[in-house]
There are 2 protein chains.
Amino acid sequence: MVTLADVARHAGVSASTVSYVLSGKRSISAATRERVTRSIAELGYHPHAGARALASSRSDIIALMMPLRTDMYVPVMMEIAVAVATTARSYGHDVLLLTGEEGPEAVRRVVGSGLADAMILMDVELDDARLPQLAASGTPAVLIGLPADTTGLTCVDLDFAAAGALCAAHLASLGHREIAVVGEAAAVYERHTGFAERTVAGLRERAAALGLRMLHRPCEGGYDAMAATLARVFDERPGTTGFVVQNEKAVDPLLSLLRRQGRAVPEDVSVVAVCPEQVATDASVPLTSVAVPAHEMGRRAVDLVMARSGARERGEDLADRVELLPPELTVRASTGPAPAAR
Amino acid sequence: MVTLADVARHAGVSASTVSYVLSGKRSISAATRERVTRSIAELGYHPHAGARALASSRSDIIALMMPLRTDMYVPVMMEIAVAVATTARSYGHDVLLLTGEEGPEAVRRVVGSGLADAMILMDVELDDARLPQLAASGTPAVLIGLPADTTGLTCVDLDFAAAGALCAAHLASLGHREIAVVGEAAAVYERHTGFAERTVAGLRERAAALGLRMLHRPCEGGYDAMAATLARVFDERPGTTGFVVQNEKAVDPLLSLLRRQGRAVPEDVSVVAVCPEQVATDASVPLTSVAVPAHEMGRRAVDLVMARSGARERGEDLADRVELLPPELTVRASTGPAPAAR
DNA sequence: TTGAAAGCGCTAACAC
DNA sequence: GTGTTAGCGCTTTCAA
């Protein structure tokens with residue numbers, strides 16, 4: 001193995017000089033830098049990660065904790081993870097992948113061993129068991145999602161309440177008076193992941209303000225579950241002309257069922273979705289939708305966690321910071337004027 | 001920070017004894033082990049990962065390299081990644097997440113720095129640029145997917161050729177004589193990822209053997225692309241009664257379009273899919289399918305890479321090993337006797 | 001069954 | 001602008 005000492009000898013300088021050329025932490029003459037750089041290339045030197053971590057007590061690794069669950073829309077998780085990994089690289093960091101399986105213990109293990117020096121948690125629950133552990137460790141961390149108590153925490157998420165409000169306002173502006181919300185699986189609400197509730201709260205509030213009647217129904221997703229939900233909706237509110245869907249697995253079934261029932265979209269019924277862009281554009285009717293900005297969320301999470309790490313090294317202490325990304329509604333082919341208003 | 005020396009002092013033993021209690025590499029009296037274990041717990045000691053890696057030159061980290069692409073079915077990638085992470089933990093290892101973005105350079109960096117001591121590559125292409133780099137580094141590695149030349153490599157994958165053959169045989173046994181294959185996006189074939197070609201090859205061969213006429217058409221997926229593909233198929237082969245789909249994004253559109261055209265599944269047309277179980281069971285008609293065993297692939301990849309690492313430490317050298325998982329066809333509601341045969 | 005001690009390769013004062 | 005040197009916390013011979 002090629003070591004720093006080998007490079008130093010080859011370049012005719014001391015070890016520390018090589019180290020400083022690499023870290024840029026002190027000024028080096030152009031000539032020396034040149035010689036060292038050349039030696040590094042010639043010998044094919046790579047600094048040993050473990051040795052560096054030991055000496056500097058920084059591993060340059062961010063741990064990313066993912067949920068194991070399957071009731072969430074997986075591509076969003078994946079897009080966040082990829083965004084985290086690529087953004088981390090742009091900061092010269094790598095990403096350690098942890099699954100939720102180990103639970104709070106993983107936080108202790110990874111941070112206690114110095115394996116990672118920062119952490120990003122995905123799919124945070126309102127009352128997440130990992131948070132006390134994290135707070136106690138003092139590790140710079142960023143949550144994707146919003147827990148009940150954000151004191152001392154940094155969080156990133158889509159502003160789901162605003163997203164809900166946006167959907168309600170859009171349908172109202174088209175003259176719809178009765179709308180139905182097809183939500184996530186009941187388990188998602190029971191787990192209190194937060195985002196689903198926040199969307200519904202935003203919808204409800206704006207709907208009330210605009211004088212809309214609104215019905216909210218959780219839905220497991222899939223064809224059969226959607227069929228049952230849809231039947232119930234039209235049974236209870238035959239006058240429903242607008243749908244808001246926040247459940248990727250319910251999108252295709254919903255459109256397919258409406259078609260089969262002879263309800264044209266958007267002539268008879270309008271549909272707005274809260275979902276990733278691709279789901280909206282790939283649907284049988286391109287959907288008017290509020291995008292879940294997965295990539296942006298991953299990127300911001302890394303930006304924030306790096307800022308926190310930097311602050312910590314400078315001895316600053318950071319205030320809580322909750323960053324809610326503003327939703328954007330894109331109008332496509334699935335929404336139009338309410339039938340009565342035409 | 002609590003160090004090994006702290007534990008040793010607290011337990012009244014030497015540092016090496018603590019180390020050996022932890023590693024189990026030499027026998028320790030029950031009494032001593034007990035004292036040491038207690039001290040570790042009391043002090044809340046966690047070995048420093050960097051120091052350990054430096055002294056032992058093993059990081060206990062497996063690097064997992066994922067593709068960045070979006071034309072693959074993402075949940076499969078994700079399920080493999082989660083399976084890799086959880087299986088790795090059962091071996092006491094962690095997983096470093098690399099995206100394909102850095103390309104071959106990532107292999108050099110991660111292995112050269114001793115950050116990871118083994119590697120798993122996903123979505124390997126027939127002529128993958130990372131392979132020479134890997135071979136040169138001598139790092140224990142396992143590929144998920146099959147390159148053109150597997151000399152000296154360990155690979156895991158579904159036996160897609162056998163999967164194709166199984167689909168052809170199933171349709172033939174039901175009396176179908178003309179079948180159409182809806183494949184992955186053209187880009188997937190152009191990239192020569194292998195799996196798509198292998199499925200088609202297996203289909204073609206068995207179809208020929210059983211006297212089936214077969215048409216193969218790549219498809220981008222999504223509603224519009226599927227509509228165009230379907231029109232062409234029935235235009236060229238009006239007698240087509242069986243479909244094989246290997247494209248998750250085409251499944252729902254295909255079923256939806258057939259329904260709209262008044263072709264009942266499975267009475268008029270049978271459909272077999274090569275896809276994850278969930279896609280098959282969630283479809284509007286539960287699909288007869290050959291599952292892509294994502295979890296199993298991730299798990300086996302870790303098993304094999306750990307075996308390779310172990311062998312390397314014992315100085316053995318391993319022969320090539322290509323492990324093709326046997327496909328299983330599950331009959332559901334989307335296939336039935338060919339109309340003519342009823 | 002246990003201890004002593006020599007590194008592993010790098011960083012970061014401290015000198016000049 | 002550069003060199004010297006003392007660790008960082010652990011593993012592993014070597015010795016007892």
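Order of the sequence lines sets the chain letters (A, B, ...), proteins ahead of strands, with each chain counted from 1. Just so it is clear, the structure is predicted and the values come from calculations on it, not from any experiment.
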Run the side-chain contact (heavy atoms from CB on, under 4.5 Å) test against [X] and tell me which residues pass, sequence neighbours left out.
X         : value
Ser90(B)  : Thr87(B)
Leu126(B) : Ala148(B), His192(B)
Ala15(A)  : Leu4(A)
Ala311(B) : Arg314(B), Glu316(B), Leu318(B)

Counterpart residues, salt bridge (Lys or Arg N to Asp or Glu O under 4.0 Å), relative to [X] (two or more places apart):
X         : answer
Arg33(B)  : none
Arg35(B)  : none
Glu101(A) : none

Every protein N/O within reach of nucleotides 9-13 of chain D N/O, cut-off under 3.5 Å:
unit_1, atom_1, unit_2, atom_2, d
dC10(D), OP1, Tyr45(B), OH, 2.4
dC10(D), OP1, His48(B), N, 3.2
dC10(D), OP2, Leu4(B), N, 2.3
dT11(D), OP2, Ser19(B), OG, 2.8
dT12(D), OP2, Lys25(B), NZ, 3.1

> 5' to 3' on DNA chain C, which nucleotides open and close the contacts with chain B (atom under 4.0 Å from a heavy atom)?
Replying inline: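 From 5' to 3', the first and last contacting nucleotides are dT1(C) to dG9(C).
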>> Does anything in residues 37-51 of chain B form a salt bridge (charged side-chain N to carboxylate O under 4.0 Å, His left out)? List the pairs, not counting sequence neighbours.
In response: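 Those involving residues 37-51 of chain B are Glu34(B)-Arg38(B).
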Which pairs would a plain distance check flag for residues 45-57 of chain A, meaning a side-chain donor or acceptor within less than 3.5 Å of a matching protein atom at least two apart in sequence or in another chain?
unit_1, atom_1, unit_2, atom_2, d
Ser56(A), OG, Arg52(A), O, 2.6
Ser56(A), OG, Arg58(A), N, 3.4
Ser56(A), OG, Arg58(A), O, 3.4

> By a strict heavy-atom criterion of less than 4.0 Å, which residues belonging to residues 110-118 of chain A are in contact with DNA chain C?
Replying inline: none
>> Any base atoms under 4.0 Å from Ser57(A), or only sugar-phosphate, or nothing? Heavy atoms, all strands.
In response: nothing
>> Between Asp303(A) and Tyr91(A), is there a side-chain donor-acceptor contact under 3.5 Å, judged purely by atom types and distance?
In response: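 Checked: Tyr91(A)/Asp303(A) side chains pair up, N/O donor to acceptor below 3.5 Å.
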